[in-house]
Structures are given as C-alpha cells and as structure tokens.
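Data first, discussion second: the structure below is written as structure tokens.
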There are 2 protein chains.
Amino acid sequence: MKSAREVFLQFLQRQGMTMTPQRATIVEVFLHEEGHFSPEQLYMAVNKADPAIGQATVYRTLKLLTDSGLAATLDMGDGATLYEHGYGHAHHDHLICVRCGGKTEIVDHVIEERQERIAEKHGFELTRHSMLLYGVCPRCRGKRGGSG
Amino acid sequence: MKSAREVFLQFLQRQGMTMTPQRATIVEVFLHEEGHFSPEQLYMAVNKADPAIGQATVYRTLKLLTDSGLAATLDMGDGATLYEHGYGHAHHDHLICVRCGGKTEIVDHVIEERQERIAEKHGFELTRHSMLLYGVCPRCRGKRGGSG
DNA sequence: GTAGATGCAAACGCTTTGCCCCCTG
DNA sequence: CAGGGGGCAAAGCGTTTGCATCTAC
C-alpha cells in the first residue's frame with residue numbers, strides 16, 4: 001500500500017497542483033493527529049510546526065485531503081465538521097454520547113451490507129454513507145442526569 | 001392517536017408555555033409542508049399566512065416542534081438543517097443523490113435492530129440515530145456522468 | 001403586575017473568498 | 001513572465017441572542 005504522503009502527492013499532481021511546504025507540513029501534522037479533530041484543532045497543531053501558516057490554508061488543505069481520500073469528515077449536528085484519517089482505515093461509523101460528546105468507532109458488516117443492498121434496490125450507486133448513533137455512554141449513565 | 005396540534009399544545013403546557021397565535025400559525029403551516037424543507041422555506045410559507053411573523057420566531061418554534069417530536073431534523077453536510085414531519089411517521093433514514101440532491105426515504109428493520117444491538121454492546125442507551133446513504137440516483141446515472 | 005413571547009437586527013461560529021504579494025517554473 | 005499558492009482579514013452563511021415592547025393571565 002502506498003504511503004499516505006504518496007497518495008496525496010499523486011492526487012495533487014493529478015489535479016495539476018503542487019506539493020508546497022505548507023501542504024507538506026499540514027499533511028504531516030494531520031497524519032500525527034489522533035481520533036477526531038476540528039479544523040481549529042488541526043490549525044493550532046499546524047501552527048506549532050509553522051506559525052506562518054494561516055487558517056485558510058488549513059481549511060483549503062483539509063478539503064484537498066478529503067478529496068484525496070486521506071481525510072474523512074464526520075458531521076455532527078452542531079454546525080461544525082470533524083475530521084479523521086480516512087486512508088488505510090477501514091470504514092467505520094460512530095456512536096456518540098449526547099452528554100459528554102465522546103465518540104466510539106463502530107464497524108458492522110451486516111449493516112454495511114444491508115446499506116449496499118438498499119442502495120441497489122433503489123437503483124442507487126452508493127458512494128459513501130454516514131451513520132451516527134446518539135445515546136448516553138456508560139460513564140454518563142452512571143452519573144446522574146445533570147448536564148455538567 | 002392524538003392530533004399533532006394536540007400533541008404540540010400538551011407539550012407547550014408541560015413546559016409552562018402557551019399556545020400563541022404565531023405558534024399556531026407556524027404549526028399549521030408546518031403540518032402542510034411536504035417532504036423535507038429548510039427553516040427558510042418554512043419561514044417564507046409562514047409569511048404568506050402572516051407576514052408579521054419574524055424569522056426568529058420560526059426558528060424558535062421549529063426547535064419546539066423538534067423537542068415535541070412533531071418535527072425531525074435531517075442534517076445534510078452543507079451546514080444547513082432540513083426538517084420533516086416526525087409525528088405519526090415511522091422512523092426512516094435517507095438515500096441522497098449527490099448529484100441532484102433528491103432524497104428517498106428508506107426503512108430497514110434489520111439495520112434498526114443491529115443499531116440497537118451495537119449500542120447495547122457498548123453500554124450505550126440509544127436515543128436517536130441518523131443514517132445517510134449518499135450515491136447517484138438512477139435518473140442521474142442515466143445522464144452522462146460529468147466529472148467522474 | 002409579572003412572566004413569557006415576539007420582531008428586529010445585531011451577533012455568532014464556522015467556513016469561504018478576495019486581494020495582493022510571493023514563489024515557482 | 002505567467003500562474004498557482006498563501007496570508008490576512010473581511011465576507012458569507014445559517015442560526016441564535018439581546019433588547020424593548022407587547023400580551024396574557
């Protein structure tokens with residue numbers, strides 16, 4: 001399997017774009033981030049590596065990373081979009097605690113297969129999907145209901 | 001089964017809130033809307049019924065409708081939230097055409113059940129979920145693909 | 001008379017864009 | 001020299017909120 005850097009480079013070249021120092025930095029930082037993170041978080045981490053890189057560039061590169069398949073988006077209902085690694089990671093969905101915001105990755109082949117079948121039945125050519133299960137995690141269920 | 005109006009009225013009363021002319025108008029218009037619509041669309045329809053009602057009131061009432069179970073939200077990744085009727089309608093998920101934006105409602109009991117089971121396995125108490133399948137609908141597949 | 005409800009417009013948070021300079025080729 | 005890339009800050013978008021007013025009980 002090609003390295004993520006390689007995939008990104010080839011993606012850029014295919015688009016007639018070039019690998020710039022800023023993009024290289026952002027990709028590196030991106031690959032070192034764990035779990036789910038916001039553009040803002042990535043921006044802050046990128047800034048530690050190179051304070052000269054602006055937020056807009058992070059957003060622009062994040063879009064490229066998504067298009068290249070290196071990044072996957074995770075859309076909460078809160079208006080913000082989170083990102084995670086999307087290359088070399090099996091597809092997974094998320095279990096989200098509505099109280100603490102904690103996210104758990106889940107994989108279910110039965111569901112994946114049903115989704116394919118549903119799409120097929122409707123004549124759709126499936127490109128991607130998003131499944132979010134919201135609930136209260138065990139830890140928060142232990143505590144009493146309060147929001148804090 | 002209680003009428004939707006009744007459900008909303010009782011919800012308001014339970015919250016110590018009252019049914020106002022504006023809320024009544026918005027509920028009526030809401031119930032007449034079909035399919036999936038944006039707050040903006042609802043606002044425009046409400047305005048035909050009563051031009052004095054402001055956008056903020058529509059948003060505020062939409063939130064109440066959601067809390068009361070009369071409305072269900074459908075979060076596209078585009079930053080906007082769509083609404084649909086949620087009372088007296090079985091839960092369903094959506095198949096969305098990435099090309100024309102068309103939405104098809106789908107129901108799959110196997111998936112619903114698996115979701116419950118997954119949540120259970122992780123100790124989560126499931127409150128709701130959202131499953132969006134993105135793809136290309138039969139009609140758009142017929143036309144030429146464009147940017148492949 | 002008190003408390004909630006409303007309309008308006010400004011504020012908000014996240015994301016995108018315009019502009020101009022820079023570097024690359 | 002041509003053209004994309006980047007930084008900055010302002011604009012843009014959908015949504016929320018502060019405030020003064022008004023209504024209902």
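Sequence lines set the chain letters: A, B, ... in the order given, protein chains first and strands last, and positions in each chain run from 1. Small disclaimer: the values here were computed from a predicted structure and weren't measured.
Note that OG1 of B/T57 is 11.5 Å distant from CG of B/L62, once rounded to the nearest 0.5 Å. Atom NE2 of B/H122 is separated from atom CG of A/L133 by 9.0 Å, given to the nearest 0.5 angstrom.
For the pair B/R14 CZ and C/dG4 C1', the computed distance is 19 Å after rounding to whole Å. The distance between atom CD of B/Q22 and atom P of C/dG4, rounded to the nearest whole Å, is 17 Å. In this structure, the CZ atom of B/R23 is 6 Å from the C1' atom of C/dA5, given to the nearest Å. Atom CG of B/L82 and atom C1' of D/dG14 are 12 Å apart (whole Å). Here the P atom of nucleotide D/dG4 and the CE atom of A/M19 are 19 Å apart, to the nearest Å.
Closest of all the heavy-atom pairs between A/A4 and A/L31 is CB-CD2, 3.8 Å. Residues B/L126 and B/A119 come closest through the heavy atom pair CD1-CB, 3.8 Å.
Both B/P21 and B/Y83 lie near DNA chain D, and the one whose nearest nucleotide falls closer to the 5' end is B/Y83.
An OP1 or OP2 oxygen of D/dA24 is reached within less than 4.0 angstrom by no side-chain nitrogen or oxygen of B/T20. OP1 or OP2 of C/dT15 sits under 4.0 Å from a side-chain N or O of A/T81.
Ring pair A/F37/A/F30: centre-to-centre distance below 6.0 Å.
Relative ring orientation between A/F11 and A/F8 is described as parallel, the plane-to-plane angle staying below 30° on a 0-90° scale split at 30° and 60°.
In the region residues 26-63 of chain A, proximity to DNA chain C at under 4.0 angstrom, judged on heavy atoms, holds for A/P39, A/A56, A/Y59, A/R60, A/K63.
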